[in-house]
Amino acid sequence: QVQLVESGGGLAQTGDSLRLSCAASGRTFAMGWFRQAPGKDRENVAGISQNGENTYYVDSVKGRFTISRDNAKNTMYLQMNCLKPEDTAIYYCAAGPNLYGGPYNYWGQGTQVTVSS
């Protein structure tokens, strides 16, 4: 079993940056970041392969968000630049058994990101 803990969320203004971290209790394979806003479906924001060489981004965050990982520290990151109010959501860290992509079987508790003007 793998436990995941997110951190780094908070309140930001439009155009600001935040860096989210996801600390895993052990080794993981593919990992990803999801977000969910009130009344909206859960959205797969970004994903990263086990070796960190393959990444995925939803169109709405391309060029603004960067996913990365440090396997020596069992930690994944999401650097969020040029934040918009539309980015407001609870962000969840996820991990799964495949080398790339889902399914994701392990989930963190989430960290709130709020963006205002």
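None of the values given here were measured: they were computed from a predicted structure. Positions are given from 1 along the sequence.
A 4.5 Å side-chain heavy-atom check between Thr14 and Val115 finds at least one atom pair inside the cut-off. With a 4.5 Å cut-off on side-chain heavy atoms, Tyr100 and Phe29 do not count as touching. For the pair Asp41 and Gln36, the minimum side-chain heavy-atom distance is 4.5 Å or more.
Geometrically, Arg19 does not engage Trp33 in a cation-pi contact defined by less than 6.0 Å to the ring centre and at most 45° from the axis. Figure legend: cation-pi geometry between Arg35 and Tyr92 absent, as NZ or CZ is not positioned both under 6.0 Å from the six-membered ring centre and within 45° of its axis.
Ser25 contributes a side-chain N or O that, together with a main-chain N or O of Gln3, makes up a donor-acceptor pair within less than 3.5 Å. At least one donor-acceptor pair under 3.5 Å links the side chain of Tyr57 to the backbone N or O of Ile67. Listed for the Asp16 side chain is no donor-acceptor partner under 3.5 Å among the backbone atoms of Leu18. At least one donor-acceptor pair under 3.5 Å links the side chain of Thr111 to the backbone N or O of Gly9. Arg69 places no side-chain N or O within 3.5 Å of a backbone atom of Asn51 that could act as its donor or acceptor partner.
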Before giving the answer on side chain to side chain contact (heavy atoms under 4.5 Å, CB included), spell out for Val2 and Asn105 the whole-Å C-alpha distance, their side-chain angles and the decisive distance to 0.1 Å. CA-CA 9 Å; Val2 175; Asn105 300 320; over 6 Å; no

Passes side chain to side chain contact (heavy atoms under 4.5 Å, CB included), Leu11 versus Ser116? Steps please. CA-CA 8 Å; Leu11 179 64; Ser116 62; 4.1 Å; yes

Is there a side chain to side chain contact (heavy atoms under 4.5 Å, CB included) between Asn71 and Arg27? Walk through the geometry before answering. CA-CA 7 Å; Asn71 287 344; Arg27 294 180 180 180; over 6 Å; no

Which is it for Asn81 and Ser17 under the side chain to side chain contact (heavy atoms under 4.5 Å, CB included) test, yes or no, and what are the steps along the way? CA-CA 4 Å; Asn81 298 328; Ser17 297; 2.8 Å; yes

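When the side chains of ILVMFWY residues are joined at heavy-atom separations under 4.5 Å, either directly or via intervening members, Phe34 and Met31 end up in two distinct hydrophobic clusters.
A donor-acceptor pair shorter than 3.5 Å cannot be found between the side chains of Thr114 and Thr88. No side-chain N or O of Thr75 forms a donor-acceptor pair with one of Asp70 less than 3.5 Å apart.
For the pair Leu78 and Ala46, the tightest heavy-atom approach, listed with the atom from each and the gap, is CD1-CB, 4.2 Å.
Between Asp59 and Lys62 there is a salt bridge, since a side-chain N of the basic residue sits under 4.0 Å from a carboxylate O of the acidic one.
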